[in-house]
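Source: prediction; values computed, not measured.
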Amino acid sequence: MTRLLLSPFAAMAKSTIQPCQRREVAATGTLLEPAFTCTADKAQRPCVSIQQTIRDCIRVRSAFPLFLFIALMGVSLPVTSHARLPEQTARILVGAAKIDVTPLNPVVLAGYGSRTKEFEGIDTRLWARCLVIGKTTPVVIVALDNAGVPAKIRARLVARLHKEGIADERLVVAATHTHNAPTLAGYAPILWAGRTTPDQKQRILDYTDFVVAKMESVVLKALRNRHPMTMDWAQGTVSFGGNRRVLRDGKWTGFGFQRNGPVDNSLPVLAARDADGKVRAVWVNYACHCTTVGSRNHIGGDWAGYANQRIEETFGHAVALTTIGCGADIGPQPSGSLKDADRHGLSIAKEVQSLLKGNSTSLSGPPKVSKRTIQLPLTQPKPRPYWERKLKDGGFEGQLAKFMLNELNTSGSIPQKVEYPVSAWNFGDKLAIVFLAGEVVVDYSVRLNKELDWSRLWISAWANAMPGYIPSRRVLQEGGYEPGFSQVYYAKPGPYRPEVEDILIGAVTEMLGESFAASDKQPPAPFHHNLIPNSEPATFQRVADWVSAPKKNSEEEILAKVRNYVRTARPGVQKIVKNAVSYTHLRAHETRHDLVCR
């Protein structure tokens, strides 16, 4: 009797779904399950799987016969090999794309002022990567492999995209801050003032035009690539970033590895998945300088480039984007080689894979966008006689003096404030992504994670403008490169005032509102302590083992030289604080233009 009752419904369900021939995936040589077509769909679109056909039939017919069919045929919902599908949410149009922006002609690289010649080779390609979320009023982020994108260059992209309906406030242009990409027009203007030939200047302008056109192209491509997807996010940790500001008696002494300095090990990840649950776009964010490779005069994306590459290898057809958090005073540990950069990128890819296989939080979208421009105060600029004296000094100070005298001659005064854009994307009450301009020190992440709910917070820097370093009150008190001499390269007349921190923090907390405020019982964020193990004991042990082991004659000669050097060596530092400093780069061995933008 039961069989007779079910037969009409089973017949209806089976007639709705017609099996097609099995298809072979050429790339892997594996067979997929049978492909099916929903006959109730007038477009007769083929589906990759029976599960997708069921979804389409639910859309166009009553679901009741299908549920009976599922029971009869033993069909189960899919579990993908890449990730566990989060709790189902409404789908939204999401598109992602990338485009190669590796220079076609010789051009000077940004990042290290000691490099005044055009690049000499290519280690890895450079990319502009884009993620678009939404249909009629989408939000757009472009992540560019570059040291920094000045506000005027972003404005050119805004003008180009206006015809596509992309509003200014809905576009974010972020830089990975790789120190092995060409300099863009207007970036750190004093660095190159008086130090480039006319041909070099023209090639910088040409590459800037090239990049603007490429960024427009990648946005248009991502717009065309939009498909209904679900989005989810998760937050993990990686720990290769170490605080680089070496301190002695509370004052900056140079670059190195300050083990007890604050860091931000958080790794927020946003994923977009297609109807089958496969990851199609991955966006990650980590607070660390892209300086692993060092001043090697080659094109490359550093650890962020390798992270994108490794993530795309992991997820097959996904497009990956990497942005940088508040890592202005954070450096990669260890560093010095392409292998180090690749290992850092791989550590991110592994954490992403783990996060997206586990529990994640579903997002609806597009996000609510807020944006404002605040004024960050500088110290009182010096008067005209000061700059006239400095003009005679030459060098970077002389070029800055020339710049300031031009300001006085054209506008009558030197600006005492810096216009600073701040924007945020709110995905309901699930996630707030904050975008800060310039090189923001880690203290801002530490404080925002204290005043706001760090479990729902994502902070990106190097976004929408490049005003230079943004120091905290603490960093200003300690002094050194970030709050001090770096201001020269970015054409600022002097350091920021201490209240800059409160102004910026206040703007962010006000924009996000009470819904993202930290509760009284919120535990401290677990991201801000160094997790990098001390490798010094193991290193000394390896040296001791080598000294005591049998050696060839050539090795004995080397050891004899080393012993002689040890007897004649003198200390390079006056005092070492236990468990605080791993190593110190002596200031005497570095010139100022070697330090720029590090």
Side-chain angles (χ1 to χ4, degrees), residues 91-104 126-146 148-176 181-182 184-187 202 204-229 231 270 272 280-281 283 319-321 323 363-373 419-427 433-437 460 462-467 511:
R91 293 182 193 163
I92 183 171
L93 287 181
V94 178
K98 65 178 184 178
I99 195 167
D100 195 325
V101 296
T102 308
L104 304 176
L126 302 178
W127 300 88
R129 300 165 181 273
C130 179
L131 182 68
V132 174
I133 304 172
K135 183 179 180 181
T136 55
T137 56
V139 294
V140 178
I141 180 167
V142 177
L144 180 68
D145 285 336
N146 200 271
V149 182
K152 289 183 178 179
I153 294 177
R154 178 188 176 276
R156 291 174 58 181
L157 182 59
V158 169
R160 285 172 172 249
L161 294 175
H162 179 73
K163 62 182 180 295
E164 303 297 330
I166 307 299
D168 178 289
E169 66 274 9
R170 304 185 78 81
L171 172 68
V172 171
V173 178
T176 63
L184 298 177
Y187 173 79
Q202 186 58 52
I204 290 172
L205 294 174
D206 291 344
Y207 182 76
T208 301
D209 293 342
F210 170 79
V211 161
V212 172
K214 288 290 187 179
M215 288 194 293
E216 179 189 18
S217 295
V218 78
V219 173
L220 297 180
K221 186 177 179 181
L223 288 169
R224 292 193 300 268
N225 286 351
R226 282 177 293 178
H227 295 285
M229 298 195 195
M231 295 189 303
L270 185 149
R280 296 296 183 178
W283 173 16
V319 173
L321 301 85
T323 53
L363 299 174
S364 58
K368 176 184 176 183
V369 175
S370 55
K371 183 180 179 182
R372 65 174 62 176
T373 300
E419 288 194 352
Y420 188 85
V422 182
S423 60
W425 291 0
N426 285 34
F427 291 88
I433 303 179
V434 176
F435 300 99
L436 304 176
S460 289
W462 279 277
N464 293 328
M466 197 58 196
M511 288 173 68

Any side-chain heavy-atom pair from [X] and [Y] closer than 4.5 angstrom?
X      : Y      : result
Pro367 : Val139 : yes
Pro138 : Leu93  : no
Val211 : Asn146 : no
Leu131 : Leu270 : yes
Leu161 : Glu216 : yes

How would you list, by chain and number, every residue that makes a side chain to side chain contact (heavy atoms under 4.5 Å, CB included) with [X], sequence neighbours excluded?
X      : value
Ser423 : Val172, Lys371, Phe435, Asn464
Ala272 : Val94, Met229, Met231, Ala281
Ala424 : Ser370, Asn426, Met511, Leu512

Pairs where residues 133-143 contributes a residue and the test salt bridge (charged side-chain N to carboxylate O under 4.0 Å, His left out) is met, not counting sequence neighbours: none

Where at least one partner belongs to residues 205-215, residue pairs that pass salt bridge (charged side-chain N to carboxylate O under 4.0 Å, His left out), sequence neighbours excluded: Arg156-Asp209

Atom of [X], atom of [Y] and distance for their closest heavy-atom approach:
X      : Y      : value
Ala185 : Ile204 : N-CG2, 3.8 Å
Ala97  : Asn225 : CB-ND2, 3.9 Å
Asp100 : Leu126 : OD1-O, 3.2 Å
Pro421 : Ala465 : CG-CB, 3.9 Å
Phe427 : Ser364 : CD2-O, 3.2 Å
Val142 : Cys130 : CG2-SG, 4.3 Å

Once side-chain hydrogen bond (donor to acceptor under 3.5 Å, both in side chains) is applied, do any residues pair with [X], and if so which ones, sequence neighbours excluded?
X      : result
Ser217 : none
Trp127 : none
Arg170 : none
Arg226 : none

Distance-only donor-acceptor check, side chains Thr323 and Trp283, under 3.5 Å: yes

Neighbour count above 12 (heavy atom, 6.0 Å) for Glu419 CD: no

Distance check, rounded to the nearest 0.5 Å: [X] atom [atom1] versus [Y] atom [atom2]?
X      : Y      : atom1 : atom2 : value
Leu144 : Leu157 : CG    : CG    : 10.0 Å
Lys98  : Asp145 : NZ    : CG    : 10.5 Å
Phe210 : Leu184 : CZ    : CG    : 11.5 Å
Thr176 : Leu321 : OG1   : CG    : 11.0 Å
Ile133 : Ile92  : CD1   : CD1   : 7.0 Å

Stepwise side-chain contact (heavy atoms from CB on, under 4.5 Å) test for Met215 and Val173: CA-CA 9 Å; Met215 288 194 293; Val173 178; 4.2 Å; yes

Check against side-chain contact (heavy atoms from CB on, under 4.5 Å), Asp168 and Arg154: CA-CA 9 Å; Asp168 178 289; Arg154 178 188 176 276; 3.4 Å; yes

